[in-house]
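Inspection log for the structure reproduced underneath, given as structure tokens.
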Amino acid sequence: MKATKSLPISADKNKKLKSTKNYAIPYLVWCFVLILIPSLVLIFIAFSTYDFTSGSDVSFTFNNFSYIFGSEYAISVFWPSIGRSFYISGAVTVICFFLGYPVAYLMKSMKPRVRAIIMGLLVLPLWSNQVLRIVSWRTIFELLQTNTTNFYQINIIIAMVSMYLPFMILPIYTVLEKIDPKIIEASYDLGASRKQTFFKVTLPLSLGGIISGVIMTFLPSLTSFEVSDAVSYQNITLLGNLIYERFRGTGGFNVGSVFSIVTVVFSIVGFILVMRVDKEGETLI
Amino acid sequence: MKRSFSSWFLPILSTILSFFIIYIPVILIFVMSFTYTNSLSEIGADHLTLRWYASLFTNDYNSLEIASRYASNIDTLKDAILNTLLITTLSTAISTVFGTIFAIGINSFSKKIRSFLMMMNNIPVINPDIVTGFLLLLIFVLLETFTGLERGFITVLIAHIFFSIPYVVLSVLPRLKQIDPNTYEAARDLGCTRFSAVTKAIVPAIMTGIITGALFAFTMSIDDFVITMFVSGREFFNVSTWIDNSMRRSYIPKTVYAFNVIVFSIAFLALIISKFTKKQSKGELV
């Protein structure tokens with residue numbers, strides 16, 4: 001590193017490390033094998049009668065899809081579960097945003113050392129096993145005696161907020177930290193009040209982090225199955241539970257794949273949103 | 001601009017509330033690891049004990065007054081702990097090395113191709129675990145059909161490496177962008193081999209990114225539940241899937257609480273030491 005400075009380097013400053021390009025090729029192959037191939041398999045079994053576990057005859061069918069649109073099951077179980085999942089994960093995301101944004105905002109105004117400590121404390125709970133944390137929430141609801149039918153949904157929301165809140169705070173903080181303080185000062189110099197500065201300058205500039213945070217909270221809570229299983233004693237069925245059931249029971253892979261495709265559609269929407277504001281995913285961690 | 005207390009009231013209140021809701025289960029796990037009985041209703045009147053900690057290090061459960069019907073359950077937990085430590089160590093080491101190499105490769109491309117590669121990289125990060133788990137399950141079922149490789153240790157290891165690498169790439173790439181793009185060429189001109197140009201010139205410059213990436217990989221792997229659940233088959237357990245399995249059978253020996261507190265304490269101490277001994281550079285996570 002030190003030696004390079006004193007040497008006359010003829011190469012263009014923007015020239016990239018050309019000869020290290022091939023380091024990325026094995027990764028492309030790896031992603032191809034582990035993402036693209038199973039995605040094709042997923043589509044294949046969603047449109048066929050092929051039973052994965054026993055290896056039956058293959059024939060093309062739309063039945064797996066019509067199962068989630070026309071059947072009794074679709075009306076009484078599938079769509080209500082989707083609705084419930086959206087309601088719960090929507091609530092979780094909104095609560096996480098209103099709780100988390102002020103935390104990120106406060107962190108940004110702290111001294112670097114205090115910031116780092118708060119950041120550490122936000123990541124630290126991830127070192128406590130997530131399933132055990134969910135079980136602990138169940139214990140808390142049992143102690144509070146709120147483990148009854150009326151409270152199941154609210155209990156699930158509380159437990160999920162506790163699980164996913166750090167994933168809302170961290171991307172917002174990453175973006176807030178990058179805002180040049182001079183822009184904020186300029187806003188004050190031009191006569192804007194604190195409130196105006198926040199809503200017209202800071203908030204719009206942090207939109208990228210907000211979108212990443214919303215997606216990183218919304219998608220996991222939309223598809224979570226362990227929280228609802230544990231906290232509602234398997235009484236509340238969410239999208240994640242439907243997929244999980246299909247995978248546990250034998251021979252349910254075809255319909256399970258259809259459920260997965262429905263989930264993938266939601267996650268593609270999220271993916272596109274994140275990629276629009278953050279091409280290389282710098283706010284994701 | 002004068003900052004009054006009233007304008008900070010809301011952020012401070014939010015922060016207190018946030019930490020409260022995040023830390024409640026963590027604190028409860030801590031308390032429960034020291035209480036004697038397994039029953040929750042008696043938690044107030046319970047007396048304190050270290051027997052769950054002791055049960056991690058001995059097989060003589062009778063002397064700890066742990067009912068013998070729990071013995072086999074605690075034994076399977078110990079297997080699960082060993083599995084977790086082995087999987088996490090291996091997957092962290094492998095994904096840190098390969099994630100760094102891939103990040104160096106990705107960084108050498110033009111912006112357009114780099115964005116495409118990062119999109120591929122970010123799929124497992126954004127995709128919900130349940131979909132990633134399901135997709136990996138499909139490929140492993142295929143693998144089983146063609147090669148007879150049963151789901152277990154190997155498939156879990158591959159899955160953990162798969163979801164860890166993107167975090168390493170995401171941590172290393174910002175550091176790579178900061179270093180001089182001619183570093184590699186210069187090292188080659190000065191007589192480095194292709195290998196030593198990377199290890200001696202690039203790696204030291206991006207070390208903080210690599211360490212952050214490794215910590216991410218470790219954190220994601222030690223805690224993983226959903227993906228492991230899908231790809232582990234029916235006989236292989238890590239701590240998370242073991243807890244889930246025990247929960248479904250309605251009894252969880254509190255030995256696992258003790259294990260969890262030990263892991264958490266190590267992380268906590270590491271955090272304290274790193275925060276109070278060295279200067280914090282910008283953008284470092286842990």
Side-chain angles (χ1 to χ4, degrees), chain A residues 1 3-4 9 11 15-18 20-21 23-24 27 31 34-35 37-38 41-42 52 99 102-103 105-106 112-113 116-117 120 123-133 135-137 139 142 161-162 165 188 194 219-220 223 240 243 260 263-264 267 270-271 274 279-281 284-285, chain B residues 1 7 10-11 14-15 17-18 21-22 25-26 28-29 40 101-102 104-106 108-109 115 117-120 122-123 125-128 130-131 134-135 138-139 141 162 167 170 174 181-186 190 201 205 219 223 225 239-240 243-244 247 260 263-264 267-268 271 275 280 286:
Chain A
M1 274 301 282
T4 59
I9 293 182
K15 184 184 156 192
K16 288 288 172 183
L17 315 161
K18 282 216 174 71
T20 49
K21 274 183 181 170
Y23 286 11
Y27 194 40
C31 289
L34 291 176
I35 298 173
I37 292 180
V41 175
L42 184 79
F52 228 98
L99 267 182
V103 179
Y105 189 77
L106 187 73
R113 173 158 286 185
I117 290 172
V123 182
L124 206 55
L126 301 179
W127 287 71
S128 197
N129 191 289
Q130 52 169 320
V131 189
L132 206 55
R133 276 184 284 145
V135 173
S136 304
W137 273 112
T139 310
E142 282 167 5
V161 168
S162 167
L165 187 53
Y188 288 140
R194 278 187 65 83
L219 287 180
T223 56
I243 300 177
S260 298
T263 316
V264 168
S267 93
F271 198 80
V274 173
K279 281 212 161 50
E280 297 186 7
L284 290 180
I285 55 169
Chain B
M1 203 72 189
S7 64
L10 202 68
S14 287
T15 308
L17 207 61
S18 296
I21 198 166
I22 293 172
V26 178
L28 188 82
I29 292 168
L40 308 163
I101 293 172
F102 297 153
I104 292 171
I106 291 170
S108 1
F109 283 96
S115 292
L117 291 170
M118 285 312 284
M119 195 186 80
M120 290 285 275
N122 294 342
I123 288 174
V125 179
I126 297 178
N127 229 351
I130 199 163
V131 177
F134 203 88
L135 289 177
L138 292 179
I139 199 97
V141 172
F162 174 73
Y167 290 97
L170 280 171
N182 297 311
T183 306
Y184 178 81
E185 296 294 327
L190 289 168
T219 314
D223 195 33
F225 168 63
V239 173
S240 301
I243 297 169
D244 176 73
M247 180 187 76
N260 198 59
V263 172
F264 184 82
F268 186 69
L271 177 78
K275 287 297 172 279
Q280 190 67 28
V286 181

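In what follows, chains are A, B, ... by sequence order, proteins preceding strands, each numbered from 1.
Rounded to the nearest 0.5 Å, atoms SG (A:Cys31) and CG (B:Leu117) are 8.5 Å apart. Between the OG1 atom of B:Thr15 and the OH atom of A:Tyr105 there is a distance of 12.5 Å, given to the nearest 0.5 Å. The line from OH of A:Tyr27 to CD1 of B:Ile101 is 13.0 Å long, rounded to the nearest 0.5 Å. Going from atom OG1 of A:Thr263 over to atom CG of B:Asn127 covers 9.5 Å, rounded to the nearest 0.5 Å. Going from atom CD1 of B:Ile130 over to atom OG of A:Ser267 covers 12.0 Å, rounded to the nearest 0.5 Å. Note that OG of B:Ser108 is 9.0 Å distant from OH of A:Tyr23, once rounded to the nearest 0.5 Å.
Between chain B and the residues A:Val274, A:Leu106, A:Leu132, the most heavy-atom pairs under 4.5 angstrom are made by A:Leu132. Interface check for chain A: of the options B:Ser240, B:Ser115, B:Pro174, the most heavy-atom pairs under 4.5 Å are formed by B:Ser240. The choice from A:Leu124, A:Val103, A:Ile117 that makes the most heavy-atom pairs within less than 4.5 Å of chain B is A:Leu124. With chain B as the partner, the residue from A:Asn129, A:Leu219, A:Val264, A:Val131 showing the most heavy-atom pairs under 4.5 Å is A:Asn129.
Here the side chains of A:Ser128 and B:Pro25 are not in contact, with every heavy-atom distance at 4.5 Å or above. Annotation: side chain of B:Asp223 is in contact with side chain of A:Arg133 (closest heavy-atom distance under 4.5 Å). A 4.5 Å side-chain heavy-atom check between B:Phe162 and A:Ile35 finds at least one atom pair inside the cut-off.
Contacts of A:Pro125 with chain B are made by both backbone and side-chain atoms, with heavy-atom separations under 4.5 Å.
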